[in-house]
Structures are given as C-alpha cells and as structure tokens.
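These notes are about the structure you will find just below.
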Amino acid sequence: MDTTKNIKFNVQSLNLFYGDFQALKDISFTIYENEITALIGPSGCGKSTFLKTLNRMNDLEPNVTLHGSIQLDSQDINKDMDAIELRKRVSMVFQQPNPFPKSVYENVAYGPRINGIRKKAQLDEIVEHSLRQAAIWEEVKDRLHKSALGLSGGQQQRLCIARTLALEPEVILMDEPTSALDPISTMKIEDLASELKKNYTIVIVTHNMQQASRISDRTAFFLLGNLVEYDTTIKLFSQPSDKKTEEYITGRFG
Amino acid sequence: MASQKINTLSSSKNSTFQKIKNEYFWRTIIIACGLFIILLTLGIGFFLVVKGTGTFIRMHHTVWEFLFSSDWSPFDSTTESGGGVGAAIYIFGSISTCTLALLFVTPFSLASAVLMTEITPNAGVKLFQPAIEIFVGIPSVVYGWIGLTVLVPFIKQLFHPKMGGYSVLAASIVLAVMIFPTITTVSADAIRSVSSEYRKAAYGMGSTRWQVLYKVVIPAAAPGILTGVILGLARAFGEALAVAMVIGKTRAFPADILSPTNNLTAAIASDMGNSANGGEQNLALWTMALLLFIISVFFIFLIHIISGKEKKKHA
C-alpha cells in the first residue's frame, strides 16, 4: 500500500483458540507506525481478542492457544521477546478507566518506578510531561497528591493514558477507551489520540463507527473471527469492497 | 391453578389475622432478638464499668497505680483493704506476648494469603481455605496442651533458660499460631476483593507478577489486611487458657523473652474464682477485665475508622 510508512506490526496467519472455540481465523495484516489503526466489528467478532495478542495480554488467560506470527519491528513477539519487555513497549489502555487507588502523582509515577527510576526530580519531570501530553495537567496540577479516584470518568481515562505515556511506549493499544464516557470526554480522548499519533502508534478498538471514521488512518473490519476488510479509513467507509463491510457500516447489522 | 385460587380466597377471609401474623409477628420477634443482643452487650459493658471502677471509687486507688505500679498485693477480704493493686506486670505481659505474636505471625499470614489467592488460587479455595478453617475450630485448650507438651520442652532443650521452657516466647508462639487463621482469612478476602481492573492495568504496562502484587494489589488491600491484623490482635489479647498453660504464671517482669511472666487474662482466670466477692483483690481483677474490655472496644473502633475511611475514598 503505502511505502513511505514504516511497518510497526506484521501479523501473519494468526489463529487463536479459547479451548476448542476459534476466536481468530487466519488474520494477516500490517499496522503502520505513527498511524491510528481502528478495529471495528460487532460484539464478539474478535477485535478485542486480537488487540490483546499484540502485547500478549492473552498470556494471562487460561486455555488460550495461538498459532501464526506477530512481528514488532521484525521481531517475533511470542518467540524472541519477553512479555514484560513487550508490554513496556506496547502498553494498553482499557475500556473502564482503571487508575490505581493512589494519588494522581503515584499513578503516573508507577511506570517509571517499575523501570527503576527513583530520583524525585526526574519523576516530577516525567509526571508533569506525561500529564501535559495527555492534556490533563491543567485540571490536576493542584491536586497531584490527592486520590485519583476523586476524578471524573473522563479525567480518569486521560490519567490512565498519561500513566501509559510515562512508560514511553512505542505503541498504545486502546480497548474501547471511550465507551464508558460522556460525549465531551469522548471528544477530548479522540483529540488526544490524534495528537499522540505524531509520536506513537495507536491501535484502537471501537464499536463506534463515527469514532473510527473521525480519528483513524486505517480501519480493519472483523466479523466472527475473520478479518473481512482492511483498508484506509477513507476508502473503507466510502467504497467498501466487501458487501458485509458495507452492510455493517451502513448500520444494517451489528 | 385451582389450589392458588383457594389460597387467595382463604387469605382474603382471614386477611386481618394473616396480615398481623405475616407482617408484625415475625418482625416483632426479630426486632426483640436484635434489641436483646444490643442490650446484653451494653449490659455487660455497664456491669464491667460498675464493677471495674470499684478499685478507684470504693478502694481509693489511683488509675496511675493500677496501670504503672508492679506492686500487686491486694487483700482478699471484704473487710480489709490498703494493699497494692499495681497490674503493670500483667499489662506488660499481655502487651509483650501479643506484640511478639503479631511480629511472628504477620509475615506468615500475609504470605499464606498471597499464596492462596494470587499464586495458587485453585488450591487456595480447595485446600488452604478448609485447612485454615479447621485451624479456627481447634479448642484453645488443645493449643495450650500442645504448647505445654511440645513447645515448652523444646524451648527448654534449645535455650536452657534458668526457669524452664515456660516463657514469653512460648506464649507468643502459641498465640501466633492461634491468630494465624484470623489474619490469613481476612487478608485473603481483602486481596481477593481488589478489583481485577487494577491487575489488568498493571500487567498491561509491563509489570512483573511481583510488581503487581507488591505495588498494586497489597497496597489496595492494605486496609483489609490491617483489619485482619487488628482482629487477630484482639483475639490474642482475649485468649486466656492457652497462654495460662505456657506463660509460667510468674508475677515478675520478664528479663528477656525466655523468662516466664503473667498476663491479664491468665491472672483473671486463675484468681477470680477464689477471690472474695467485693474484696480488694476481687475488684482489682474486675478492673483488669474492664481494661481488656476497653482494649477490645478500642480495636473495634479502630477497625470502623479504617473501613469508614476506605468507603469515603471510594465514594
């Protein structure tokens, strides 16, 4: 497709089973650097499952078997990499905002701390920088040392993004990050994602097709464990080549 | 269908009686039972206060003397008074054995709680949980007896203390074993109830299992763990029989942890039956009982403060 972009993830014939149930069927595609890739599809289509394989969160679930290869910068993430190291490079933001029951500061400092950064000045700098990047610094700068659980849902989600940014990952995986939020918070997260793609690669699962069309560069449409169509977002939403994609994006099912 | 109709008919006939029976009868009984328990607790508290303050009001001893003097020589008669009622040795005995017991058991309890919830959750539910519940059901005299026949001779052989194996150490170890299930089960519940969202978040950022546990799960469970520790401590303070069997019941401050001493509960248990009702010694023992009551009320108060704070934080 586009030769000027670097390939971040290269997925080849990925099959995933929960016990006997096949949740992903022969998925192959590439995710490009500094882009937002949206994964859409009806509930249970495998989009979240696929997202989890990108940083091996599926390792934590029992009875999962996986065949095929996923390469991050030409390295096989299941064979050549340690899951812990992988997750520091490819970090995840979840559907439910889930800040730790600690202060705002401690939430953001968590990542640097587990990476062994101890100096107060350095931590202060990372915390401020991450919160600014996540566009929440102005709202929390006066309450850095109060519990993060006192923030609104939208603020909590941006805090979770800041917490992820503090790790300086290469890729941010977002699993329906706005489905629990109000429209204004959703807009803020979308603006944030568009801003962050300058420095990061973002893969976002969403069941909101407007959201996918608004913010993503490329979109992958999943159905019943199959990757039905993958193309630039403009192409996929204006001239889908598969009939099922067309039916889904025009709201005929899902 | 038919029987339902008959039911509706008969209930409408006796509706007033039915209503009284259904609505008020059981409700009254339940309220009465509830109130009775509350009154009983208040009654015991009131009784202890009345009896326990006799030392200060009727015998004119000072609170200071009771708490900090080690001169224990009360008269055991209803007519004479003027002896010493210093309970400092007993108080120190209780505090030192309970503190040591906590120091011994907390690491083990915490480790067991983590093992049964995070590391082997399946075996935790099937194996550890029942095993620990059995622990709770063992009568304290059995613990005391095992302490007496196994632990005391063992300490004697190992350290050759001058006074034999009866010691603060023996009492602390017996107490530690006795409060182990309390602290472990409450801590395990606290760890289990930590939201899995926190774990997901921590793993999703590349934490190791140890980091998830140490930096996220245990801090989030800390108030619950602390509640378990306080409950254990309260149980340790109240335990009489098992401690009495191994502490040596010697009225002296222990020189070290291998020396015998005595504590509040053992002293009350061994002297209460023989003391003349209303005499100086009898009243001093009541004061010690009141002190134990105050300590346990304080612990319960503490637990409420901790859980109240926790609720506020999550609201």
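In what follows, chains carry the letters A, B, and so on, assigned in the order in which the sequence lines appear, proteins first and then strands, with residues in each chain numbered from 1.
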Quiz item: Is any side-chain N of the basic residue among A:Glu106 and A:Arg113 closer than 4.0 Å to the acidic one's carboxylate O?
Solution: yes
Quiz item: Between B:Lys215, B:Met205, B:Gln211, which has the largest tally of heavy atom pairs under 4.5 Å with chain A?
Solution: B:Met205
Exercise. Let me know which of B:Thr185, B:Thr184, B:Thr182 forms a side-chain hydrogen bond (donor to acceptor under 3.5 Å, both in side chains) with B:Ser109.
Key: B:Thr184
Quiz item: Are B:Arg192 and B:Asp189 close enough for a salt bridge, meaning some N to O gap below 4.0 Å?
Solution: yes
Exercise. Drop me the distance from A:Thr186's OG1 to A:Asn208's CG, to the nearest 0.5 angstrom.
Key: 8.0 Å
Quiz item: Centroid-to-centroid, B:Phe298 to B:Phe237, below 6.0 Å?
Solution: no
Practice problem: Start with the C-alpha distance between A:Ile7 and A:Tyr32, add both sets of side-chain angles, then the distance that settles side chain to side chain contact (heavy atoms under 4.5 Å, CB included), and finish with yes or no. | Solution: CA-CA 5 Å; A:Ile7 292 174; A:Tyr32 293 87; 3.8 Å; yes
Practice problem: Would you please classify the geometry between the A:Phe222 ring and the A:Phe50 ring as parallel, tilted or perpendicular, with 30° and 60° separating the classes? | Solution: tilted
Quiz item: Quick one: which residues of residues 79-99 of chain A reach chain B at under 4.5 angstrom, heavy atoms only?
Solution: A:Ile84, A:Arg87, A:Lys88, A:Val90, A:Ser91, A:Met92, A:Phe94, A:Gln96, A:Asn98, A:Pro99
Practice problem: Look at atom CG of B:Asp256 and say whether more than 12 heavy atoms of other residues, nucleotides or ligands are closer to it than 6.0 Å. | Solution: yes
Quiz item: Is there any residue in residues 151-175 of chain A with a non-hydrogen atom under 4.5 Å from a non-hydrogen atom of chain B, and which ones are they?
Solution: A:Arg163, A:Leu167
Practice problem: Return yes when atom CZ of A:Phe17 has more than 12 non-hydrogen atoms of other residues, nucleotides or ligands closer than 6.0 Å, and no otherwise. | Solution: yes
Practice problem: Report the distance from atom OG1 of B:Thr208 to atom CG of B:Leu213, rounding to the nearest 0.5 Å. | Solution: 9.0 Å
